Amino acid sequence: MSDSHPVDVRTHVKAYIIVFAALLGLTALTVSVAMLHLSTGEAVIIALFIASIKGSLVACFFMHLLSEKRLIPILLAFTVFFFFALLLLPTAEVFSRGG
Amino acid sequence: MTQSTSVEHGSGHESQGFWRTYLFSQDHKTIGIQYAITSLLFLLFGFTLMMIMRWQLAYPGQPIPLIGKFLGEANAPDGIMLPEFYNQLGAMHGTIMIFLGVVPLGVGAFGNFVMPLQIGAPDMAFPKLNMMSYWVYFAGGVTMLGSFLLPGGAANSGWTSYPPLSDIATIGQTAWLIGMFFLITSSLLGSINFIVTIVQLRAPGMTFMRLPFFVWAQLVTSFLLLLAFPPLEAAACLQLMDRLAGTSFFLPSGLVVSGQVVQASGGGSPLLWQHLFWFLAHPEVYVLILPAMGIVAEIIANNTRKPLWSYRSLVYSTLFLGFMSFIVWAHHMYITGMGTTLGTFFQVTTMIISIPSVVILAVLIVSLWGGSIRFTTPMMFACAFLPMFGIGGLTGLPLGLAPTDIPLHDTYYVIGHFHYIVAPGSIFALFAGVYYWFPKATGRRMNDTLGKIHFWGSLICINTIFMPMFIQGLAGVSRRLYDGGAQYAHAQGVLSLNLVMSVAAWSLAIFQIPFIINFFVSIRKGKKVGDNPWDATTLEWATSSPPPHGNFIRPVEVYRGPHEYSVPGAARDFLPQNDPA
Amino acid sequence: MNIPYTSEVRPDTGVYNAKLGIWLFLASEVMLFGGLFSAYIFLRTGAATWPHGWEILNIPLATTNTVVLISSSVTMVMAWASLAGGNFARFRRFLGTTVALGVAFLAIKGMEYGMKFEHGLFPATNTFLAIYFTLTGLHGLHVIGGMIVNVYLLGPGSKMWRKDPQRFTNRVEVAGLYWHFVDLVWIFLFPVLYLL
Ligand code: HEM
Ligand SMILES: [Cu+2]
């Protein structure tokens, strides 16, 4: 781990605190949006959008994905592709019929 | 978490007691042999279940000779098999053959034993996890076997465990689910270990394009196990909830069983299970076949004494095959009333995935061209693999297209098709692997004459079993029939084939006897061999037979590709990968 | 015999063994939860009616739990950073806090479950509750698993710090990766089950 010298640890810590604040803010935001009781379609898009930002923050900073070399991002890219295939193909027909 | 402890491992083998050396060993070679023996026994057991079923199919309703009395009153009163018992045998035959036989033999045994040697590694990356993976597999096997003793017997809803039937089936189904949890955990631990080992522990100079094809096959297989099994685990959780917590994930509203409405909230869907199940089970067929292809490729290169024809196409096809295998699964579900949009998608992906399969087969066949072939026993099995897999693959094409699949689905045609892939396909390749690597594992060679008897007998019998299934299937005979179709008018013309197939199945058993004798006798009495009895190039032959703890006495370095046979100008007709010359 | 790259990074791949191992494991976990989310979508789109999460579930408790779990992720990564900076005492404080927050999460989750049961709401009641209990239950099991690892690293496992600090730091990093993943799953579970 080239990034584990005491020197960068301090900048790391600062980033963690900022990410923490952002996560709390986004949690507040998604709950408040839910209180508006929007239509299901809108609510789904907004909630998943916020959740994706939160998730990316966790992955990029807490899980150090930003500083990983190629191997792990490639692995995750494939996994995410299969994840969406699994998620969406079984229901694809319902969507394509507009149900 | 997933960390190895190699500290207590450094002490060398003399200091480890009996338990650590043979039973709870962390040495990949011992674990590989444990996997080999256990899975061969399971194959034999699964085959025995089928031989009992074949009696019922050949002589419906007649008492089973010899063993009929021992099957229990609940299963076969007066030795006559009950339909419920037939269903248990069928479901468990499929489950055992796939999850406890072929996969553990191809991956757990050969992958474990050969792969670290071929990449020049001292062991697996996580030896402790490797040991756990075997024992969890063992626990899964015990659970599956033990389920025969439960009230109502073992699982009886087919190896596919389709709900709603499986949701309301006897308790054996719960045991099946728990057994599957064990097996999924085992293959998860194994696949992580395999991938990390291949990526991290390659010897200096062993670049990816110098990996023996067998290692590539194991790598892709591990990814399939890693990413395709979890959705089945999710599905198994849901089915367990349905069975134990009374949920209705797979139970539609208003389901009627035996004339009564089922007391459940409803709102679920049996199709959900099928999606999650086949998301695993299609990649699973590549898990059954890829290690086999890896073995065949190594043996062909070695026995034709020339490099594989286009190693690169082999590698890229395998990678592409692995990728595509995740998005073809619903070709098993054409008859579920799938709409044309989705149906088109899956038909197209299925036709696309057949391309790399054909490329792989073509590469292997063309590799024979112009070789000075040595017809050793492993080579005979490897050569037979090619046309057998070809038949299996070609008969699969009509099943990938909805218009032809709909009449063929759930007939014996399907049974014939996939058995050509897994029995004279995978299993022949696995036999080839046993004959090929036996000298490495034991320091002795298996007998060639017994090997050839085993080969010719098996080849003839296995084709006599599975070829007639296509005929029956095309005549419309359904699979999973307790009487083999005797009740149906449309089956009458092809009914006599049942006896032919059954006799062939029992004869097949007889031709396994030379193999079993050969195996055990050769361990003690086989002809002694040196490090490299086949004049092979890959690294497993660059160490002693059997290799020591830690695999290589001196550090290995790799200078060349995996199959450099008959290189012009070289002193011998093979150049080992670690030969700097 | 020594397995290479247990604590040092392999130059051409850029990772040590356990880090690749845990990421592979997490990839499989993505597919495990993927299967369940897929089930959720399949059942919901096929259902005649589907309740809004907020009509049945307790939003304030779940929001609190979200904050608890996010905080535990921060303390987890701080525990690793302390170790990477060579401060063992600070590492222990942060990891201890992480475990405590894990306990808090489970306690609140338990309260929620208890309240549902009191109102006669069980997995068998309807498909929404069935998937709610399955998803949160499985997630809860993951939390418990992570806590066991963390307690081990706090207690007997921490002896390694003196013998092989690099390897111990790696272990904490690996445990952290898992713990953040559990947090990440919750970040999606919360809106999907409670807010939609
Ligand atoms: C060579 C010996 C074998 C024979 C004689 C044999 C025979 C059969 C037969 C006749 C059936 C149809 C039973 C029915 O529909 O009622 C069947 C089903 C099946 N076999 Fe085999 N088989 C053999 C080996 C294998 C192997 C090696 C595998 C897998 C690797 C396998 C996997 C299956 C599966 C998955 C089923 C479907 C079970 C179900 O309907 O749920 N078989 N086998
Ligand atoms: Cu398929």
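The model shown is predicted, which means the values in this text are computed figures rather than measured ones. In what follows, chains carry the letters A, B, and so on, assigned in the order in which the sequence lines appear, proteins first and then strands, with residues in each chain numbered from 1.
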Query raised in the report: Do you know which of A:S52, A:A28, A:A59 has the most heavy-atom pairs under 4.5 Å to chain C?
Result: A:S52

**Report entry** Interface moiety of A:L23 toward chain C, non-hydrogen atoms closer than 4.5 Å
**Finding:** both

Requested in this report: Keeping the roles fixed (side chain from A:K54, backbone from C:F188), state whether a donor-acceptor pair exists under 3.5 Å.
Outcome: no

Report task. Determine whether A:I72 and C:K19 make a side-chain contact, defined as any pair of heavy atoms from C-beta on separated by less than 4.5 Å. Result -> yes

Report summary line: dist A:I50:CD1 -> C:F190:CZ (nearest 0.5 Å) comes out at 10.5 Å

Requested in this report: Determine whether more than 12 heavy atoms belonging to other residues, nucleotides or ligands lie under 6.0 Å from atom CZ of A:F84.
Outcome: no

Requested in this report: Provide the closest heavy-atom pair for A:M35 versus C:I59 in the form atom of the first, atom of the second, distance.
Outcome: CE-CG2, 4.3 Å

Query raised in the report: Quick one: does A:V44's side chain get under 4.5 Å of C:V192's, heavy atoms only?
Result: no

Query raised in the report: Going from CG on A:L71 to CZ on C:R10, what distance comes out if it is rounded to the nearest 0.5 angstrom?
Result: 11.0 Å

Report summary line: One option among C:L26, C:T66, C:V30, C:V67 has the most heavy-atom pairs under 4.5 Å with chain A, and it is C:V30

Report summary line: Output for pair (C:F37 CZ, A:L87 CG), nearest 0.5 Å, gives 8.5 Å

Query raised in the report: Got a second to check how far C:N65's CG is from A:T27's OG1, nearest 0.5 Å?
Result: 12.0 Å

Query - pair A:H64-C:W80: side-chain heavy atoms closer than 4.5 Å - result: yes

Query raised in the report: Below 4.5 Å, heavy atoms only, C-beta onward: do C:T13 and A:R70 meet side chain to side chain?
Result: no

Query raised in the report: Rounded to the nearest 0.5 Å, what separation is found between the CG atom of C:L196 and the OG1 atom of A:T30?
Result: 8.0 Å

Requested in this report: Indicate yes or no: at least one non-hydrogen side-chain atom of A:T40 is less than 4.5 angstrom from one of C:H52.
Outcome: yes

Query raised in the report: Are the side chains of A:K69 and C:V15 in touch, meaning some heavy atoms are under 4.5 Å apart?
Result: no

Report summary line: Cut-off 4.5 Å, heavy atoms of chain A, and the answer for C:S82 is neither

Report task. Hey, could you give me the CG/CD1 distance between C:L195 and A:I46, rounded to the nearest 0.5 Å? Result -> 11.5 Å

Report task. Kindly indicate whether the side chain of C:V74, heavy atoms from C-beta on, has any atom under 4.5 Å from the side chain of A:F62. Result -> yes

Requested in this report: Indicate yes or no for a side-chain donor-acceptor contact from C:S38 to the backbone of A:L86 under 3.5 Å, with no hydrogens or angles considered.
Outcome: yes

Query raised in the report: Are more than 12 heavy atoms from other residues, nucleotides or ligands located less than 6.0 Å from atom NE2 of A:H37?
Result: yes

Report task. Select one option (side chain, backbone, both, neither) describing which atoms of C:W54 are under 4.5 Å from chain A's heavy atoms. Result -> side chain

